[in-house]
Structures are given as C-alpha cells and as structure tokens.
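In what follows, a structure is listed as structure tokens, so that the remarks can point back to it.
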Amino acid sequence: MVVLSFGVGLRSCEIAGITVGDVLDSENNVRETVILKSHQTKGSQSHSVYLSESVRKEISKYIESPKKFLVTRKSPLLSSQKGGKLTSHSVQMVLKDLYKKIGLDTCSSHSGRRTFITNLSEKGVSTRIIQELARHSSMQITQSYIDVSVPNLKNAVNLVSV
C-alpha cells in the first residue's frame with residue numbers, strides 16, 4: 001500500500017482495485033505501464049499509470065513472497081488477511097493506523113499521494129506532467145497538492161543572482 005501510495009500516487013480506491021493481472025504481463029514480469037480500468041478509478045475513466053523501476057522491484061518482491069492463499073491474475077494485488085478484496089475504506093484505515101503507529105497522527109491515506117506530487121514538483125517536473133501522472137482534471141487541483149517548504153523557498157531565491 002505504501003509503495004503504491006508514495007511511489008505511484010494511487011488513490012485508496014485504486015490501491016484497493018488493482019489486481020495481479022493489472023501489474024503482470026503475460027510472462028509474469030511487472031509492467032512499466034498499468035492500465036487502470038474505469039471501475040478502478042475516481043471519475044470512472046480508465047487511466048495509464050507508470051511504474052518506476054524501484055516500484056516494479058518492490059511489486060516483484062511482494063508477488064514472489066510466500067502467500068497463505070492462491071493468487072490468480074484476477075486476485076487483488078493487495079488482499080485482506082483472509083485473502084479477499086480490500087475496500088477503499090479498508091485501505092484508508094490501514095494507512096491511517098500505520099501512520100498513527102509511527103507518530104504521524106495527522107497523516108491520511110492521501111498523504112502518500114500528496115508526497116508523490118510534491119516530490120515530483122521539487123525535482124523540477126513540469127506541473128503539466130504532474131497533472132497527467134496524478135490524473136487530475138485541472139491544473140488548479142494539481143497545484144493545490146504541492147506543498148511548499150522553507151528549504152525550497154530558500155533554494156528558489158538562491159537561483160537568482162544579482
């Protein structure tokens with residue numbers, strides 16, 4: 001969950017809805033591009049999601065780890081303790097509990113997505129590209145996700161020489 005949230009910027013409904021078959025190609029390698037179908041997304045539109053090399057490695061390790069239940073291509077990538085499908089709400093609760101356990105009481109399931117978007121911005125990625133990666137309908141929504149920090153403000157003014 002954490003990798004899909006922070007490393008891909010997926011929403012809780014997308015994390016809950018993604019299946020093993022969505023991420024694996026016909027040779028059981030993790031795809032570079034995952035197509036989320038309309039029933040898996042906010043707004044009921046299909047979207048392409050791009051997986052970095054590090055995210056693909058983490059997904060491979062997860063899929064290869066021993067499971068207590070049989071995994072098929074139609075199985076959810078992440079499942080409940082009994083092997084069933086997670087709901088968006090259960091993903092939100094798991095992430096909220098995880099953050100609380102490590103002392104991040106104000107974090108939510110959306111914190112990983114916000115961090116993903118902010119990290120892209122801090123690395124100089126165009127806001128238009130970030131908008132596409134975040135699957136936002138407007139630039140204004142994307143810009144509202146980008147957090148501003150004091151170190152970034154200082155770095156910005158140091159780019160200007162007099």
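No experiment lies behind these values; they were computed from the predicted model shown. Numbers here simply count residues along the sequence, with the first being 1.
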Test V49 against every option in L4, L36, V55 by the side-chain contact (heavy atoms from CB on, under 4.5 Å) rule and name the one that passes.
->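 Among L4, L36, V55, the one that satisfies the side-chain contact (heavy atoms from CB on, under 4.5 Å) with V49 is L36.
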
Donor-acceptor contact below 3.5 Å, side chain [X] vs main chain [Y]:
X    : Y    : answer
K85  : S79  : no
R113 : S12  : no
R73  : L24  : yes
S5   : V2   : no
S90  : T87  : yes
N158 : K154 : yes

[X] and [Y]: which non-hydrogen atoms are nearest, and at how many Å?
X    : Y    : answer
R11  : R135 : NH2-O, 3.5 Å
P76  : V20  : O-CG2, 3.9 Å
R31  : G21  : NH2-O, 3.4 Å
R128 : E132 : NH1-OE2, 2.9 Å
M1   : V91  : SD-CG1, 3.9 Å
S111 : Y99  : CB-CE1, 4.4 Å

State which residues pass side-chain hydrogen bond (donor to acceptor under 3.5 Å, both in side chains) with S121; sequence neighbours excluded, sorted by chain then number.
->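 Testing S121 for side-chain hydrogen bond (donor to acceptor under 3.5 Å, both in side chains), a comparison that skips the adjacent residues, returns none.
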
Are [X] and [Y] connected in the hydrophobic side-chain network, where two residues link if heavy atoms are under 4.5 Å apart?
X    : Y    : result
I146 : V150 : no
I130 : V8   : no
L133 : V30  : no
L98  : L86  : yes
M93  : L78  : no

Value rounded to 0.5 Å, distance of [atom1] in [X] from [atom2] in [Y]:
X    : Y    : atom1 : atom2 : result
I141 : M139 : CD1   : CE    : 11.0 Å
K96  : S109 : NZ    : OG    : 9.0 Å
I129 : T142 : CD1   : OG1   : 12.0 Å
T106 : K100 : OG1   : NZ    : 10.5 Å

Verdict with reasoning, L51 to E32, per side-chain contact (heavy atoms from CB on, under 4.5 Å) | CA-CA 5 Å; L51 306 181; E32 287 184 24; 5.9 Å; no

Donor + acceptor pair across side chains of T118, T115 (<3.5 Å) =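 No, T115 and T118 have no side-chain donor paired with an acceptor closer than 3.5 Å.
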
Between S54 and E58, does any side-chain donor sit less than 3.5 Å from a side-chain acceptor?
->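 No, no side-chain donor-acceptor pair sits under 3.5 Å.
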
Flag if over 12 foreign heavy atoms under 6.0 Å of NZ, K57 =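 It does not: K57 NZ has 12 such atoms or fewer within range.
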
Does a sphere of radius 6.0 Å around CD in Q143 hold more than 12 heavy atoms from other residues, nucleotides or ligands, not counting ones at 6.0 Å or beyond?
->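 Yes, the 6.0 Å shell around CD holds more than 12 heavy atoms from other groups.
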
[X] vs [Y] side-chain heavy atoms within contact, under 4.5 Å:
X    : Y    : value
L153 : V157 : no
I35  : D22  : no
Y62  : L77  : yes

Could you give all pairs that pass the ring pair (Phe, Tyr, Trp, His ring centres under 6.0 Å) test and reach residues 100-157, with sequence neighbours left out?
->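 As it turns out, the ring pair (Phe, Tyr, Trp, His ring centres under 6.0 Å) pairs with a partner in residues 100-157, which skip direct neighbours, are H110-Y145, H136-Y145.
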
Please report the C-alpha distance between I18 and E14 in whole Å, then the side-chain angles of each, then the deciding distance to 0.1 Å, and finally whether the side-chain contact (heavy atoms from CB on, under 4.5 Å) criterion is met.
-> CA-CA 6 Å; I18 199 165; E14 296 164 343; over 6 Å; no

What's the verdict on side-chain contact (heavy atoms from CB on, under 4.5 Å) for I15 and Q92, showing C-alpha distance, side-chain angles and the deciding distance?
-> CA-CA 10 Å; I15 293 170; Q92 292 170 23; over 6 Å; no

